[in-house]
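Data first, discussion second: the structure below is written as structure tokens.
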Amino acid sequence: MREKSCTSFKIRRCQKSCAVELCIVLILIFSFQTPAVTPRTIDHNDELNTGSQNGKILFAPMFSSTTYLIEPDGSVNHTWSSTYFPGIGVRWLGEGTILRSIRVGASGTGGAGGGVQKVLWDGTITWDFRYNNDGVLSHHDILPLPNGNVLMIAWEIKTRQEAINQGRIPEYWAYNSLWPDHVIEVQPTGITSGEIVWEWHVWDHLIQDYDSEKPNYGVVADHPELININYGGSGYDWLHTNSIDYNEALDQILLSVNSFNEIWVIDHSTTTQEAAGHSGGNSGKGGDLLYRWGNPQAYNRGEPVDQQLFGQHDATWIDPGLPGEGHILIFNNGVNRPGTHYSSVDEIIPPVDQNGSYALAAGSAYGPETYTWRYTGTPVTSFYALRVSGAERLLNGNTLICDGFHGTFFEVTPAGSTVWQYINPYPGLYAEVFKIVYIPPQEPPQPHVPDLYCMGSLSWTNVKTGQTVAGSFDVQNIGANQSLLNWTVNTSSLEWGTWTFTPASGTNLKPEDGAVTVQVSVVAPGPKNTQFEGVIRVENQKDPSDFGEITVSLKTPVTSEPVWFPLLHMLRVMWRRWVMENYEIFDGTYIGILHEKTTWR
């Protein structure tokens, strides 16, 4: 597990940098003009059962630093401003909060990111994580998990020699590096930090049939679970993985691998160590591919006629409770599709059982042979998105489609009739959108976002080892009206003393409730004459990045004698001095300290 924080990452562009920079400048000049296109919607049609009319749509134009939440009539419900372009996905977390990838600098190629931010309704950034250092760069898509962690797609740089050592054919690409993809799961640990608690790397699952002297040599067709290092793109962005999804019931991850014209499924139930190997996890296959579909040529079990996907984006499982649940929905861009170029939205039924195992006949390609539902334009050439784009199934059975290349969003029925449409006018002439997120009508509510605040400090001095001392601090919700705060005390950073907190946690704390006083007691540790310090962390249980800290200090004394010992010693010295100066007056005798006469000798 690795700790990452805000650092910088630079990938050297390999060719044509001047031309690319000039294009970007021209795009930006036109993009920041006043929008030239007016939002357009198709009127609600009751007979065609329009579903998107009841919800809202979230999107982040690729060449704008603003994220938009729009109503079905095209009006803007809310915006989130940023200092970054998206990098390039955005997700809805609920309660007025978004998770937005950011493009850090101009490094990388199409879809480059480098970071992710969690942004509240009012624009407050509560998490700002970077993944753009040490030869890695996040790109394209991000996905929040049910446990609060975040999945990210990223490149990692391999040198030309490292690729050749793995059996890459040198003539296949003319660059000095190769950028295979990997997936990380990040647990937020602070405002600008996160711990990578799980990761999966393509580089751990390679095969090649070019050089028998190199590792991973084998018969590609005999190993559909492995990835042929000599297939796919000829550029440094060899795979161009462009979307990620998660199936909680199966604990599996779905990837869209653009340059292979395939979708892949991998096992998320593995440990990181198992994900690097070929065994372990629910599947027993470690990090090997569990399923792949779209182009069996990629594993030498098909011909060009068998290819189904062509430069696809946004592969997702249809959510439980929606028509077609468990099926996979894919925006099939149609790049280099034989014959006429056109896009389609394809729905397939993967051959998976209730245990998450995928059927594959010996020597055959993975099924299905074709889609179970498809949308195309009429005529088919009227709908063609060269890049980006996505699709999402709605509760009423309709499908919400994003033609991201043209910035057009529309809803179609199962029969293919268009019942709603919107043309994005932001930020201007160049209004391309990666994909959109549909938010059901119960969302977003008025955002009732709590904000945890702690007051106080704890300091004790001259505390005897084993002694119990007490103190207190306050916890308060200073967030939005009607917000509810669930909080807990975290002492994991304190490695000394025996602590007790009353209460140690709380639920549904409202701003109007005021401060809650937490009574603290600690049994002082040893040794003597030691300064102990630390921090008590109080956390928002629903948002670990929302926390407060109470500083703690405790010092044990040099000696464990009671404080009255020095006074007693002084009295003894004074008494003996007085006796020695005055004993003759009493004829050699004096009265004892307690009760009897004593003869002085």
Side-chain angles (χ1 to χ4, degrees), residues 49-59 89 91-92 94 141-146 151 242-257 262-268 290-294 308-309 312-333 343-359 366-376 389-404 409-420 434-443:
N49 190 19
T50 308
S52 61
Q53 291 289 334
N54 298 319
K56 294 176 175 59
I57 293 174
L58 178 73
F59 65 99
R91 300 284 184 166
W92 176 254
D141 209 2
I142 53 176
L143 185 73
L145 292 175
L151 290 176
N242 56 31
S243 79
I244 188 166
D245 197 27
Y246 176 69
N247 188 313
E248 185 176 8
L250 300 177
D251 202 4
Q252 294 175 358
I253 291 171
L254 174 63
L255 300 170
S256 167
V257 186
E262 282 191 302
I263 59 171
W264 295 347
V265 174
I266 59 175
D267 192 346
H268 178 258
L290 304 182
Y291 176 66
R292 60 197 306 177
W293 187 84
Q308 301 273 4
L309 297 179
Q312 81 288 338
H313 287 73
D314 196 31
T316 60
W317 277 289
I318 297 177
D319 289 337
L322 300 180
E325 67 174 280
H327 298 178
I328 294 175
L329 201 62
I330 310 162
F331 192 101
N332 193 354
N333 294 69
S343 296
S344 61
V345 175
D346 299 344
E347 179 182 344
I348 66 168
I349 303 175
V352 62
D353 63 22
Q354 61 183 3
N355 298 317
S357 298
Y358 295 81
Y366 279 104
E369 293 185 358
T370 188
Y371 50 85
T372 187
W373 178 83
R374 165 176 280 186
Y375 169 80
T376 58
S389 309
E392 185 173 346
R393 180 60 43 83
L394 301 176
L395 182 61
N396 66 349
N398 291 355
T399 302
L400 186 62
I401 299 172
C402 168
D403 174 351
F409 318 152
F410 59 102
E411 177 187 348
V412 300
T413 66
S417 299
T418 300
V419 297
W420 177 88
F434 178 52
K435 60 182 177 181
I436 61 179
V437 178
Y438 173 72
I439 303 171
Q442 68 270 22
E443 297 262 25

Step by step, would you call Tyr371 with Val345 a side chain to side chain contact (heavy atoms under 4.5 Å, CB included)?
-> CA-CA 10 Å; Tyr371 50 85; Val345 175; over 6 Å; no
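- Residues satisfying the salt bridge (charged side-chain N to carboxylate O under 4.0 Å, His left out) test with Asp346, not counting sequence neighbours, are Arg374.
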Derivation of the ring pair (Phe, Tyr, Trp, His ring centres under 6.0 Å) call for Tyr375 and Phe410 | CA-CA 12 Å; Tyr375 169 80; Phe410 59 102; 5.8 Å; yes
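- Partners of His268 according to the side-chain hydrogen bond (donor to acceptor under 3.5 Å, both in side chains) rule, which considers only residues two or more places apart in sequence or in another chain, are Glu185, Asp251.
- For Ser256, the side-chain hydrogen bond (donor to acceptor under 3.5 Å, both in side chains) partners at least two apart in sequence or on another chain are Asn242, Gln312.
- Residues Ile253 and Asp245 fail the side-chain proximity criterion, which asks for heavy atoms closer than 4.5 Å.
- The salt bridge (charged side-chain N to carboxylate O under 4.0 Å, His left out) check on Asp314 picks up Lys435, with sequence neighbours excluded.
- The backbone N or O of Thr376 sits nowhere less than 3.5 Å from a side-chain atom of Ser344 that would complete a donor-acceptor pair.
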Show your reasoning for whether side chain to side chain donor-acceptor pair (under 3.5 Å) applies to Tyr366 and Glu262.
-> CA-CA 11 Å; Tyr366 279 104; Glu262 282 191 302; over 6 Å; no
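- Between the side chain of Asp141 and the backbone N or O of Gly89, no donor-acceptor pair lies under 3.5 Å.
- A search for side-chain hydrogen bond (donor to acceptor under 3.5 Å, both in side chains) contacts involving Trp293 returns nothing, not counting sequence neighbours.
- In this structure a side-chain-to-backbone donor-acceptor pair under 3.5 Å is present from Tyr291 to Gly367.
- Ring pair Phe434/Phe59: centre-to-centre distance not below 6.0 Å.
- Qualifying side-chain hydrogen bond (donor to acceptor under 3.5 Å, both in side chains) partners for Glu392, counting only residues two or more places apart in sequence or in other chains: none.
- Side-chain atoms of Asn398 and Glu411 include a donor-acceptor pair closer than 3.5 Å.
- Within a 6.0 Å sphere centred on CG of Leu395, other residues, nucleotides and ligands contribute 12 heavy atoms or fewer.
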